[in-house]
Amino acid sequence: MTISEANTSDTRPAGSWWIWICWLEREGGGGFVYGCAARVSRPAGWSNDHGIPLADVGHVRIAQRTVGNGTFQLFEDALHAGIIDLGSLLGQLPFQVKVAATRLVIQEALGQSAVRGRLFYTLPSLKALLGDAERALEAVLTILNEEFNFPFKDKYAARLGNFEIFELNSWLERSPPFLIESARETARDLGGPQTIDICRTPEFAKTSHRAHVVGRAAGDIVFDRLIALPEDKRRVSVPASEPLDQIEFRLFDETGDTLLHFERGNFVNRVGFVMMPLGRQMTIVDDLTQRVVGAGRALVSKASTVISHSSHRSMVGGPAKGSWRHFADEMSSLVAAQLPKPSEDRWFERGVEGEVGAIAHLNSLLNGGRIRAAVLVDPWFGADALVRFALRLGSQDIHLSIITSWATVDPDTNVALDPVRDPTEKLEAALRQIEPFLNPRLSIVNLIDGKQQAFHDRYLLLYPHEGPDKVFLLSNSINRIAGNWPFSMSLFSPDVGREIQRYIEGLCDGRDTARNRTLTTSFRWPANAS
């Protein structure tokens with residue numbers, strides 16, 4: 001890799017200011033969503049506007065402009081006076097937004113890794129901006145993520161409502177006038193010393209700079225150096241005593257006060273290959289295939305086509321046997337297998353000890369110091385579970401909702417219920433008996449689908465005071481928990497957990513969102529619970 005001699009200019013172009021603004025239009029609300037600006041080399045006068053419709057929300061409008069220095073100066077003066085005056089940039093948006101807070105940061109933005117950003121926060125009300133649509137926030141953040149290429153679905157969500165000015169480095173849209181190269185003494189000596197070269201173009205090297213370089217191997221720091229890059233010296237070498245896995249490189253101006261660039265790179269020391277020669281192709285025509293006919297060619301192919309294959313794995317590179325790296329890799333795999341890191345998943349052996357342990361663990365999760373509320377979904381939650389489990393919960397400052405589904409069979413005895421009697425009569429009697437001794441604010445709902453059970457799986461949804469909500473899958477019912485069979489509970493990853501949470505909250509509202517059905521609430525306790 002070489003540096004283009006054409007990329008030698010270090011002067012900031014006159015150019016214009018590129019503006020990118022997003023706002024939401026919806027009935028009865030909406031407003032400014034996000035905006036940013038940066039100095040660019042293209043002339044003023046360019047524009048590009050488009051809208052994206054959102055179901056049940058409205059329209060997200062996105063406008064891009066290049067404006068001259070005078071126009072932007074008026075906008076910037078208003079910013080520093082505490083007003084985001086969108087009308088001065090986009091005539092069709094006469095409204096103004098007040099600035100609530102300001103910050104100065106260094107971040108990755110617009111293709112550069114160490115950009116100084118001036119952040120102007122408006123701290124919008126999500127209710128006023130997005131309304132009540134269930135997935136409005138997710139939809140808007142997804143659009144921002146795709147349009148601006150900032151991680152709005154992660155930490156950048158806190159920038160919602162911001163206007164941000166990025167001070168790009170002088171090379172703007174061109175390749176940086178510097179790079180780092182790696183070389184070994186011999187091409188075949190993969191385990192020998194390594195050299196890192198910091199290279200600069202002739203024009204860029206007319207000024208001295210400073211660099212901070214960190215090299216790592218197997219997670220250990222091999223070297224950590226501050227390096228002077230003298231004026232007119234285009235290449236400076238940094239020796240490493242062994243092959244590196246990762247390098248961090250920071251480039252500063254001659255004073256060392258201004259960070260110009262940051263990058264973290266990983267060296268490819270081994271490559272794994274999997275070859276899969278294909279064999280025969282078979283088409284299965286059965287009930288599953290027939291059920292997807294009409295749902296699209298892709299789904300029919302997925303359901304009916306089986307292609308046999310064999311897999312051949314190979315690895316190129318990697319540490320030599322007998323080396324410290326090979327031993328370290330083996331120990332890492334062994335420790336990961338035999339000493340796994342603790343998780344929130346749990347397993348309880350069959351028997352009374354496992355039963356007591358499972359109830360104690362659930363009691364620790366259903367603690368007002370950790371959570372504010374919880375929902376237990378268990379179609380077989382019966383009167384025995386109510387006494388054995390709910391009576392042992394100690395926290396008085398949580399709301400526990402239990403969603404069950406008594407239909408035709410008593411969950412405690414597995415005997416058919418008397419069709420002329422109220423199926424939840426036994427459950428209601430148990431509730432009246434233990435009500436004075438219950439600690440949590442308890443509510444129970446029995447859902448049925450016609451005369452059938454309304455759902456099958458068992459879940460526990462927790463609403464923590466801090467952090468995201470959590471959803472656990474329960475292997476079996478709370479009835480005789482771990483008494484007849486081993487009991488396990490597993491925490492869903494956040495993306496899957498969110499989908500299941502919507503299903504659980506639908507059950508709380510008497511809806512089966514998976515089948516788009518309205519369920520019947522045959523019992524509710526207390527009767528006035530919502």
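- When atom types are taken as modelled, the side chain of N169 and the backbone of L260 share a donor-acceptor pair closer than 3.5 angstrom.
- Checked by atom type and distance alone, the side chain of D253 pairs as donor or acceptor with a backbone atom of T255 at under 3.5 Å.
- The side-chain heavy atoms of F472 and E344, taken from C-beta on, include a pair separated by under 4.5 Å.
- Looking at every heavy atom in both residues, E181 comes nearest to C199 through OE1-SG, 3.8 Å.
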Next on the checklist: Applying side-chain hydrogen bond (donor to acceptor under 3.5 Å, both in side chains) to R225 and H212, what does each step give before you reach the verdict?
Outcome noted: CA-CA 6 Å; R225 294 183 55 185; H212 179 206; over 6 Å; no

Checklist entry - Hey, mind stepping through D257 and R210 against salt bridge (Lys or Arg N to Asp or Glu O under 4.0 Å) and telling me if it holds? => result CA-CA 10 Å; D257 293 333; R210 299 184 185 184; over 6 Å; no

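- Taking CG from L119 and CD1 from I165, the interatomic distance works out to 10.0 Å, rounded to the nearest 0.5 Å.
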Checklist entry - So Q112 and E108, side-chain hydrogen bond (donor to acceptor under 3.5 Å, both in side chains) or not? Walk me through it. => result CA-CA 6 Å; Q112 296 191 5; E108 182 178 357; over 6 Å; no

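- Here L160 contributes atom CG and L126 contributes atom CG; the two are 6.5 Å apart, rounded to the nearest 0.5 Å.
- Nearest heavy-atom pair across C22 and F32 is O-CD1, 3.7 Å.
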Item to check | side-chain hydrogen bond (donor to acceptor under 3.5 Å, both in side chains) between T305 and Q281, worked out | outcome: CA-CA 7 Å; T305 304; Q281 176 174 317; 4.8 Å; no

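- The ring of W171 has its center closer than 6.0 angstrom to the ring center of F178.
- Counting only distance, with no hydrogens or angles, the side chain of R325 and the backbone of A217 share no donor-acceptor pair below 3.5 Å.
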Checklist entry - Could you walk me through whether D197 and S237 pass the side-chain hydrogen bond (donor to acceptor under 3.5 Å, both in side chains) check? => result CA-CA 4 Å; D197 290 333; S237 298; 2.5 Å; yes

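- The backbone N or O of Q64 lies less than 3.5 Å from no partner atom in the side chain of N48, so there is not a single donor-acceptor pair.
- S113 places no side-chain N or O within donor-acceptor distance of the main-chain N or O of H261, the cut-off being under 3.5 Å.
- Residues F273 and H312 place their aromatic rings such that the two centres sit no closer than 6.0 Å.
- The residues E231 and K206 are annotated as not salt-bridged, no charged nitrogen and carboxylate oxygen being separated by less than 4.0 angstrom.
- Residues V67 and I19 meet the side-chain proximity criterion, which asks for heavy atoms closer than 4.5 Å.
- Using a 4.5 Å heavy-atom cutoff, the side chains of N269 and D245 are in contact.
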Next on the checklist: For a ring-ring contact (aromatic ring centres under 6.0 Å, His included) check, start with the C-alpha distance between H399 and Y463, then their side-chain angles and the critical distance, and finish with the verdict.
Outcome noted: CA-CA 10 Å; H399 179 206; Y463 296 95; 9.7 Å; no

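- Of the charged side-chain nitrogens involved, none lies within less than 4.0 Å of a carboxylate oxygen, so that E242 and R216 do not count as a salt-bridged pair.
- A salt bridge between E138 and K153 is absent, with no side-chain N of the basic residue lying under 4.0 Å from a carboxylate O of the acidic one.
- Of the residues W23, Y34, F75, the one that meets the ring pair (Phe, Tyr, Trp, His ring centres under 6.0 Å) test with F163 is F75.
- The closest donor-acceptor contact from the side chain of T102 to the backbone of F120 lies at 3.5 Å or more, if one exists at all.
- Note that CG of L259 is 5.0 Å distant from CZ of F252, once rounded to the nearest 0.5 Å.
- Formation of a donor-acceptor pair under 3.5 Å by the R26 side chain with backbone atoms of L129 is found in this model.
- Remark: N149 CG is loosely packed, at most 12 non-hydrogen atoms of other residues, nucleotides or ligands lying under 6.0 Å away.
- The backbone N or O of A298 lies less than 3.5 Å from no partner atom in the side chain of S301, so there is not a single donor-acceptor pair.
- For T122 (side chain) and V99 (main-chain N/O), no donor-acceptor pair under 3.5 Å exists by modelled atom type.
- Taking the centre and axis of the six-membered ring of Y156, the NZ or CZ atom of R159 falls inside the cone set by 45° and 6.0 Å.
- Side chain of T513 to backbone of G506: no donor-acceptor contact under 3.5 angstrom is found.
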